[in-house]
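A note on names: the letters A, B, ... follow the listed sequences, proteins ahead of strands, and every chain is numbered from 1. These numbers come from the heavy atoms of this one structure, side chains and all, not from hydrogens, waters or symmetry mates.
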Amino acid sequence: MAQTYDHQAVESKWQSHWEQAGLFQVKEELTTPKYYCLEMFPYPSGRIHMGHVRVYAIGDVVARYKTMRGFHVLHPMGWDAFGLPAENAAIEKGVHPNVWTQENVAYMKQQLRRMGLSYDWDREVNTSQPDYYRWSQWIFLKMVERGLAYRKRSAVNWCPSCETVLANEQVLAQEGKDGGVCWRCESIVIQKELEQWFFRITEYAQELLDGCDRLTSWPARVLAMQRHWIGRSEGVEIDFPVVDVREALTAIRIFTTRPDTIHGATFMSLAPESPLVEQLIAGRPEADAVRQFVERVSRLDKATRTAADREKEGVFTGAYAINPFTQEHIPIWVANFVLYEYGTGAIMAVPAHDQRDFEFAKQYTIPIRLVIQSPEGTLVPDALEAAYEAQAEAGVLVNSGTFSGQSVSDGKQSIGEHVETQGWGKRTVNFRLRDWGMARQRYWGTPIPMLYCDECGIVSVPEDQLPVLLPEDVPFTGKGGSPLKDSASFAKVTCPTCGGAARRESDTMDTFVDSSWYFLRYCSPKDTQQPVNPDAVKHWMAVDQYVGGIEHAVLHLLYARFFTKVLRDLGLTTVDEPFVHLLTQGMVTKETYWCEEHRWVLPSDTKKVDGERLCTQCEKVIVTGRTEKMSKSKKNIASPEELCDRYGADTARLFSLFAAPPEKDLEWSDTGVEGCSRFLNRVWRLVQEQRFVFEEVQSTSGSAATTLLVDVHRATHQTIQKVTHDLDRDFQFNTAIAALMEFVNQLYKLMKDAPLEGLSADERAGWRSAIECLLLLLGPFAPHIAEELWEMTGHAASIARQPWPVFNPDLVVSNEWTIPIQVNGKLRSRITVQAGTTKDQIIAIAQGDDKLQEWLQDKTARKVIYVEQKLVNFVI
RNA sequence: GCGAGAGUGGCGGAAUGGCAGACGCGCAAGACUUAGGAUCUUGUGGGUAACCGUGGGGGUUCAAGUCCCCCCUCUCGCACCA
């Protein structure tokens, strides 16, 4: 008998079987409930990695499980196929981005097939192909119509040497340089103002925030991150009149969440980018110094400038404003830490009660006035070492005119009201969330379907002219702006309005646009008339279970929510939120090895000598580094392909589900993989040894409920119960698989204790049902081996289409109970009684237990705690 | 600084307030073998023992890894948002 099964043969056999039978194609049905299971689609980078194995294994178990539970399951897959790496490949290797991408898609698709994933490939979506991106363009046009897409000037990272726009991720920090450098040429990156396209996501800020409260099946930390990202804060906008007015700037409006501290505002700060600065300094002696400061600050890239630990710096404008509450003249400064995009780009500075203002005031010797006294009343203005920012505590307003004596919260309220009644400003809400700058000066993305006409200005491409195709004749040099600018065939166009000469928009869309609605496209992927078929969307949406990496906690998941609301308002869907349940799986990590001579080294370049790990090249001792996310640079990669070759897809799947709970990081372990492989071989042999119970035989004896039968039944039904429970409750795959392992161990043990010869008909039936349940429960996790054994045991129809087994509560319970006996909460003994023994009987038996005499002695228990079938505790 | 999460054997990890350490890895002994890094069986938290054990200290409870309070450490995310 074969000791191990041939996973290669079995797996490829079933992969083609499933495919030929179209087993995983799904249609809208009305007879069974729908379930939409979705994993985040991959970027076709070339090869799948262990992170993919993990996320797709998780999704596949969910899809297969729900199918067996009687749902018709939509489980689609596609490609997030636009993006920078394709363009870099074009620059570096001269291969066209489309060719590179399509080759990668083909290769990775074959890799995914080898994993035995239950996708409906008929619904495959590829965002880089015109049949998809024309609808991204269509949606864009609708958003233009509704004012949800618009142009405005905005700063971008610009590499003067490459003459190109850089994404934030392409700007690298470098030691000793004040500001970031280009990832390719290491030139200092500057900020450049460009007209750009934006999505007005801020229009939905409040709804996106409110929606978080209803996403009760999302991980708390994802919701926390989204709430923080949206960042709602309530405050007051207040006008501070300018003294000695120039250039018609009569007042400066500030935003504050702490109106209660306004009597302590001893200066004011403007953002360096604010146009007010120039109006304010015109003709003043300070003008040059201010301009120099602004120039210096605005050269820095954003990440550097806004680093929290950056020193507070500023310059006095020479101008003064009037604090409307105190009538004092306070100096107006320009400060590096004030953000132009937030609030009004101007703040009142209250050094006593804001740490940033405090540091600034100390540096430039500006008065610090205490206007909130702590409950203890111990704060002394001149002795403050840090700002007193506490607001929740019962601080009291002081030095605040008629408002003195009020609590902080009363002060906020009454000062806010006073501002409004005096006409000095208004109470308002501010969000941290900014509009989404979605234009990229890149080739490999969805072209933005807009034109610039000298006569008509900005013109939309008419709907019937979509898609705006990406031109093929584009040189990839890595220089200049968008490569599309260099395509004559693309750029030149006639204006659809006036027929005159016009120029096409050469920017493309951020790839996050493509992935913001792909889950809707899966519902009707081949529709040529509209982006989505509203009926299909109505049937399938929302996604019942979404699975993906935590790295998308904010951007993708927020954008997808935004798009869903936009498309709802366009009448294309009726759901408010796209994803009901969200599972964010952890990273796949592995130990790293460090050789002081050869830096990071592959495990295969090390050897163990006398318990010490040495570098095979230089014999130096290897330091075992931290366990980190798998990465090429750290050389701690495990290859899915090698894994499938050596152990098979079932083992790969099983290990990635077993080694850790899905939401936690998974530490890769080669020996752990072997353990899973061993388990599958144990299953294989177990079924081989028991195959005869599936053969028709005459019954050899009566049908009494033998001990063996009871034990087999109990093990079976306990396992069904446990696995079902673990899957229903937050998909605890690791404990579900542990239960299956335990079940197999039990069956081996039972087999050993009771030889299989001479089984009664009932016992054979019991074994048969045990094996069947084992295979059914294993099916979602290790589908190939389950399918093969299912067939071998005489079943014609695919195991993937069988109903999930149901446990019988009567068979789960044991006929005897083992009850732990405690004295004062400490375990002292254990008794075994017949099931159904009453409380009083059990207590009596326990009291008579030999082992307990030492502890009970002659004392009477003060109290006896009895927990049904669980324990007895004597309190003495 | 703000937010989230986590600290349990040699390791990954289990435990609706009710037998701490399921399951797996590793390790040890044995079996089968010419041999095995295959497979099978048994054992495996610490301690000679009484006992002690879930980061530390308090508390609630008949009973705490689990609930409450304080503290420590680590990881991740955000980070000058007025």
Side-chain angles (χ1 to χ4, degrees), chain A residues 3-4 219-225 227-229 231-233 235 254-258 261 269 303 305-312 335-339 341-350 353-357 359-360 389 430-434 550-551 553-554 586-587 626-627 655 658-661 663-676 678-679 681-682 685 722 725 729 732 734-745 748-749 752 818-830 861-876:
Chain A
Q3 288 299 294
T4 60
R221 72 168 162 154
V222 173
L223 292 173
M225 283 164 77
R227 285 192 183 101
H228 182 251
W229 190 264
R232 182 183 201 271
S233 49
I254 61 96
F255 172 76
T256 182
T257 56
R258 294 296 306 273
T261 65
S269 298
R305 224 199 94 187
T306 58
D309 51 3
R310 197 162 176 84
E311 196 186 338
K312 311 280 174 289
N336 64 343
F337 65 88
V338 180
L339 304 174
E341 312 88 66
Y342 186 76
T344 61
I347 58 165
M348 68 173 196
V350 184
H353 305 292
D354 181 283
Q355 187 58 25
R356 294 155 303 180
D357 297 341
E359 287 167 30
F360 196 89
E389 291 183 328
N430 247 296
F431 292 95
R432 259 173 50 103
L433 184 68
R434 309 267 192 273
I550 187 74
E551 67 272 21
V554 179
M587 296 183 300
R626 289 188 359 158
T627 296
F655 177 76
F658 174 63
E663 66 282 359
K664 288 185 62 176
D665 284 356
L666 181 154
E667 190 180 332
W668 197 261
S669 141
D670 294 332
T671 51
V673 171
E674 280 180 35
C676 288
R678 256 199 298 271
F679 166 67
N681 278 310
R682 274 166 67 75
R685 281 194 310 274
K722 171 78 172 139
H725 178 259
R729 196 179 120 269
Q732 297 299 304
N734 54 329
T735 50
I737 292 168
L740 289 173
M741 291 174 167
E742 212 173 339
F743 185 34
V744 170
N745 293 344
Y748 266 105
K749 192 162 259 166
K752 197 183 88 179
T818 301
I819 311 257
I821 312 298
Q822 298 180 337
V823 177
N824 286 339
K826 286 184 198 279
L827 179 71
R828 295 305 182 194
S829 184
R830 220 183 285 267
R862 270 197 295 131
K863 201 168 168 188
V864 182
I865 310 285
Y866 175 71
V867 184
E868 176 78 17
Q869 293 184 49
K870 276 279 169 56
L871 95 170
V872 178
N873 185 16
F874 293 101
V875 186
I876 57 174

Discussion item. Counting only side-chain heavy atoms from C-beta out, which of B:rA20, B:rG18, B:rC81 sits nearest to A:L827?
Written reply: B:rA20
Fill in: All stems with RNA chain B, defined as three or more consecutive Watson-Crick or G-U pairs under 3.5 Å
B:1-7 with B:72-78, B:10-12 with B:23-25, B:26-31 with B:39-44, B:55-59 with B:67-71
Practice prompt. Report the nucleotide, chosen from B:rG18, B:rC25, B:rG3, that has the shortest atom-to-atom distance to any side-chain atom of A:N873.
Written response: B:rG18
Discussion item. Looking at A:T257, I'd like to know whether one of its side-chain N or O atoms comes within less than 4.0 Å of OP1 or OP2 on B:rC81.
Written reply: no
Worksheet item: Which is true for A:R682 with a 4.0 Å heavy-atom rule: it touches a base, it touches only sugar-phosphate, or it touches nothing?
Response: sugar-phosphate
Item to complete: Ignoring the backbone of A:N336, work out which of B:rA15, B:rC80, B:rC81 is nearest its side chain.
Response: B:rC80
Practice prompt. Taking only the side-chain nitrogens and oxygens of A:N681, find out if one of them lies under 4.0 Å from OP1 or OP2 of B:rU39.
Written response: no
Worksheet item: Is A:S233 touching bases, backbone alone, or none of the nucleic acid, heavy atoms closer than 4.0 Å?
Response: sugar-phosphate
Discussion item. What's the closest nucleotide to the side chain of A:K664 if the choices are B:rA15, B:rG13, B:rA82?
Written reply: B:rG13
Item to complete: Taking only the side-chain heavy atoms of A:K312 (C-beta and beyond), determine which of B:rC80, B:rG24, B:rC52 contains the nearest atom.
Response: B:rC80
Practice prompt. Could you please name the option among B:rG77, B:rC52, B:rA22 that lies closest to any side-chain atom of A:M225?
Written response: B:rG77
Worksheet, complete the sentence: Tightest non-hydrogen contact, residues A:N336 and A:E311, listed as ND2-O, 2.9 Å
Item to complete: Scan A:R678 against the nucleic acid and name what it touches under 4.0 Å (heavy atoms): base, sugar-phosphate only, or nothing.
Response: sugar-phosphate
Worksheet item: Touch check for A:P219, heavy atoms < 4.0 angstrom, all strands: base, sugar-phosphate only, or nothing?
Response: nothing
Discussion item. What's A:G675 touching, base or sugar-phosphate or nothing? Going by heavy atoms closer than 4.0 Å.
Written reply: sugar-phosphate
Discussion item. Of the listed nucleotides (B:rC23, B:rG13, B:rC81), which one gets closest to any side-chain atom of A:E742?
Written reply: B:rC23
Practice prompt. Sequence neighbours left out, what passes ring pair (Phe, Tyr, Trp, His ring centres under 6.0 Å) with A:W229? Give chain and number order.
Written response: none
Worksheet item: Out of B:rC81, B:rC40, B:rC62, which has the shortest distance to the side chain of A:Y342?
Response: B:rC81
Item to complete: Report yes if a side-chain nitrogen or oxygen of A:R356 is closer than 4.0 Å to either non-bridging phosphate oxygen (OP1 or OP2) of B:rG1; otherwise report no.
Response: no
Discussion item. For a quick check of understanding: with a heavy-atom distance under 4.0 Å over all strands, which category does A:D357 fall into, base, sugar-phosphate or nothing?
Written reply: nothing
Discussion item. Using a 4.0 Å heavy-atom cut-off, does A:Q822 contact any base of the nucleic acid, only the sugar-phosphate backbone, or nothing at all?
Written reply: base
Discussion item. Please classify the nucleic acid contact of A:N430 as base, sugar-phosphate, or nothing, using heavy-atom distances under 4.0 Å.
Written reply: nothing
Worksheet item: Where the side chain of A:K752 is defined as all heavy atoms beyond and including C-beta, which of B:rU41, B:rC78, B:rU39 is the nearest nucleotide?
Response: B:rU41
Worksheet entry | Closest to side chain of A:R221, choosing from B:rG26, B:rC76, B:rG13 | B:rC76
